[in-house]
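Atoms within each ligand, like the ligands themselves, are counted from 1 in listed order.
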Amino acid sequence: MPERAEPRVAVLGLGRMGAPIAAAFLDAGYRTTVWNRTPEKAAPLVERGAVRAATAAEAVASGPLVVAPLLDTGAVRRALGPAAAGLRGRTLVNLANGTPEQARELASWAAGHGADHLDGAMMALPETVATDEGFFLYSGSSEAFARHRRALEVMAPAHYFGADPGAAEVHDLALLGTGYAALTGFLHAAAVLAPAGTSPEEFAPLAARWLRGMAGFLPELAREAGSASYGGGVSTVDLNRAAVDGLIRLSGAAGVAADVHGPLKALLDRRSADGHGQDSFSSVFELLRAGGAAGR
Ligand SMILES: NC(=O)c1ccc[n+]([C@@H]2O[C@H](COP(=O)([O-])OP(=O)(O)OC[C@H]3O[C@@H](n4cnc5c(N)ncnc54)[C@H](OP(=O)(O)O)[C@@H]3O)[C@@H](O)[C@H]2O)c1
């Protein structure tokens, strides 16, 4: 049997995310060519067996897959500009955060140079690259995703969201939005608890335990919102309206801003006024997708 060729990858950008990504490819047995604007950052990886490229063009020439965990899409364009001629037939994986529109523009720039493009969003921290905790989102060329999936999974479990290059960034923002709501809720609660003498550090383990339980509630919420059927739930609009009202009153008494939960209260009030007080809490989805409590 012929020996399998050693898999190759080029990593452009050896910052906080790029360095562990290059290290993960080395650990997985890839011939890993690295390039960084500030060349000194490549030294620890070269010591571990990486091949140093003097220019981005040299890195691009090293193999079929070019992974770019650079600062932003502007940096990707600046780094790859002088290397553009070498991109033909390569797959460019942009891992820099950006807007969906920037991802689409980069995809069309790459296509103009004969390259396949995948846009990636890294739901990970430097220390969770190549662990079970991190995961990456991708969109763009489905052929490129299928062809390079094994390599992509070296960095993190890979989720693909379709051919629109902007889709990974849209899902990235959706996940960030989910997290921001929970984390801002925690910070608000910590402020409310301060006058009662409970510190944020004391409250954090309890909040984490509660959030783990809340996460288990997501499939039910998703089923109700996905099928637009809100009857028979145990946690109704009116029940949660009273709870959120209590929270807002408590905020006022503690001298804490009610900005976090005011919009939710407005949604619940609107649902109740529309005769949906006995529907499940998840039915606020109907107002959100119609533009909000004041919408329609
Ligand atoms: N850090 C995190 O926890 C985290 C988590 C998820 C996603 N992200 C996203 O991952 C991307 C990389 O983040 P990071 O934390 O690794 O950033 P970082 O540590 O600041 O590294 C940025 C990288 O981009 C390079 N760079 C910046 N401007 C450049 C330019 N004009 N031309 C060429 N290279 C340029 C830097 O090169 P030099 O070394 O020469 O400066 C460095 O390699 C960002 O889009 C970030 O939002 C980060």
Side-chain angles (χ1 to χ4, degrees), residues 9-26 32-48 50-62 66-84 86-87 90 92-107 109-110 113 117-140 152-159 161 165-180 182-183:
V9 66
V11 180
L12 306 185
L14 304 173
R16 282 181 288 257
M17 296 302 285
I21 283 172
F25 279 117
L26 287 170
T32 306
T33 300
V34 293
W35 174 84
N36 196 61
R37 180 180 61 174
T38 310
E40 296 75 42
K41 287 191 188 166
L45 291 154
V46 171
E47 256 175 49
R48 291 178 59 173
V51 179
R52 184 199 300 269
T55 61
E58 200 179 302
V60 167
S62 71
V66 179
V67 173
L70 289 160
L71 187 64
D72 53 27
T73 38
V76 176
R77 286 287 289 273
R78 275 191 290 281
L80 280 172
L87 279 172
R90 304 281 186 253
L92 169 63
V93 181
N94 167 41
L95 293 177
N97 270 5
T99 64
E101 203 38 58
Q102 286 171 331
R104 292 177 193 121
E105 279 167 18
L106 189 65
W109 178 82
H113 292 284
H117 172 269
L118 283 168
D119 190 80
M122 302 185 281
M123 311 311 295
L125 298 170
E127 59 272 26
T128 61
V129 168
T131 72
D132 287 344
E133 280 175 57
F135 57 98
F136 288 8
L137 318 178
Y138 295 97
S139 55
L152 300 177
E153 299 266 1
V154 166
M155 298 183 279
H159 300 261
F161 292 96
E169 297 295 347
V170 170
H171 286 78
D172 175 39
L173 290 170
L175 286 170
L176 289 178
T178 305
Y180 283 140
L183 297 183

Do you know the tightest heavy-atom contact between Leu45 and Ala19?
->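 Heavy-atom minimum between the residues: CD2-O, 3.8 Å.
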Is there a side-chain contact between Tyr138 and Leu95 (heavy atoms, below 4.5 Å)?
->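 Tyr138 reaches Leu95 side chain to side chain.
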For the residue pair His159 and Phe135, establish whether any side-chain heavy-atom pair is separated by less than 4.5 Å.
->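 In short, these two side chains touch, coming nearer than 4.5 Å.
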Sub-4.0 Å heavy-atom environment of ligand 1, residues by chain |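 Near ligand 1, by chain and number: Gly13, Leu14, Gly15, Arg16, Met17, Asn36, Arg37, Thr38, Lys41, Pro69, Leu70, Leu71, Ala75, Arg78, Ala96, Asn97, Met122, Ala124, Leu125, Pro126.
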Steps toward side-chain contact (heavy atoms from CB on, under 4.5 Å) verdict (Val170, Phe161) = CA-CA 10 Å; Val170 170; Phe161 292 96; over 6 Å; no
Judged by atom type as modelled, is there a donor-acceptor pair below 3.5 Å linking the side chain of Arg104 to the main-chain atoms of Thr99?
->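 Between the backbone of Thr99 and the side chain of Arg104 there is no qualifying donor-acceptor contact (under 3.5 Å).
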Step by step, work out the side-chain contact (heavy atoms from CB on, under 4.5 Å) result for Phe136 and Leu152.
-> CA-CA 9 Å; Phe136 288 8; Leu152 300 177; over 6 Å; no
